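Heads up: the structure comes next, in structure tokens.
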Amino acid sequence: MRKLFFALAVSVFVIGNTAKAEVVQSASDSGKIRVIMIGAHPDDCDQDGGGTAILFAKMGYAVKFVSVTNGDAGHQTEHGDALAKRRFAEAQEAGKRFGVTYDVLDNHDGQLLPTLEVRLQIIKKIREWNADIVIAPRPNDYHPDHRYTGVLVQDAAYMVAVPDVAPEMPALKKNPVFLYYQDFFQRPNPFSPDVAIDITDVYAQKVHAMDAHESQMYEWLPWIGHYLNEIPSGKEDRIKWLTKHETESITPEMRASLEKWYGKDKAAQVQQAEAFEITEYGAQPTDDDIKKLFPMLGK
Ligand SMILES: [Zn+2]
């Protein structure tokens, strides 16, 4: 097992290095940087990377959200196909509000496993989008679907560039930069906010887009979290409630990262932020590469 890991690590290193010089190449080729955010359920990308997605979309980047499951287990009274259809419609509306396209893969919610079949689905999504940036959960999340989405994207991170894997779709010529969404799990190691994005100015838009997931924000999550009695009935009151509910405090580590990228004065004013960790898979960006891929930094 160790040997196999070493061989894989060497190949990843080689392809990572080969890709290094080309990290931001495709942007100049097409004039548009392409971002794919991957989550387990049709509201995960929204929550973890939605503010950053809005900023990317406003700069003219091509942004896609992918949900690896169809969300058909995420409700207390609705089930199966009917629920999957409702959540698909909510995801499409959210996508419009974020300014991104939203794909939902037809895998069952709550039953995701890191199989070869799903790995190939993800490889094809990343290739099809010709992604420069791929963002996914870390593989140590509490929810098995989140955890295995993390594993599946890690498993795809090298294979997207291997022509003989899923040969029906051309392999990427360069490996994208892979990042993780922020989480608060401490084991085996805490999340490292390598890149922190100021989303204060677009936070209201993020909440408005998340409000499209009615079945989740106002029904399922409050039911499973035992706060259903807090949910107001009117539309405006719900948005107000959601704004407050989704507000997260900025950790000292995130604040330090904001200072690195925006300078001390600007960082002190940031009220809402999203952070990402650079993975050891795929292309390994320098700070300059990160500034090119995330031009909102420092502004
Ligand atoms: Zn989820």
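Every number for a ligand or one of its atoms is a count from 1 in the order of the listing. Bear in mind that the values here come from a model prediction, so they are computed numbers and not experimental data. What's counted below: heavy atoms across the whole structure, side chains too, no hydrogens, waters or symmetry copies.
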**Proximity of H245 and Y227 rings by center, below 6.0 Å** = yes

**Request:** Verify whether the ring centers belonging to F56 and F294 lie closer than 6.0 Å.
**Result:** yes

**Asked** Who passes salt bridge (Lys or Arg N to Asp or Glu O under 4.0 Å) against K58, sequence neighbours left out?
**Response** none

**Message:** Strictly under 2.8 Å of the Zn ion (ligand 1): which protein N/O/S atoms qualify?
**Reply:** H41 ND1, D44 OD1, D44 OD2, H146 NE2

**Request:** Name all residues meeting the side chain to side chain donor-acceptor pair (under 3.5 Å) criterion together with E277; count only those two or more places apart in sequence or in a different chain, and write none if there are none.
**Result:** none

Identify each donor-acceptor pair in which a side-chain atom of residues 266-273 lies under 3.5 Å from a protein atom, sequence neighbours left out, and give them as a table.
residue: K266; atom: NZ; partner: D198; partner atom: OD2; Å: 3.2
residue: K266; atom: NZ; partner: K299; partner atom: O; Å: 2.8

**Pair Y281 + F178: ring centers closer than 6.0 Å** = no

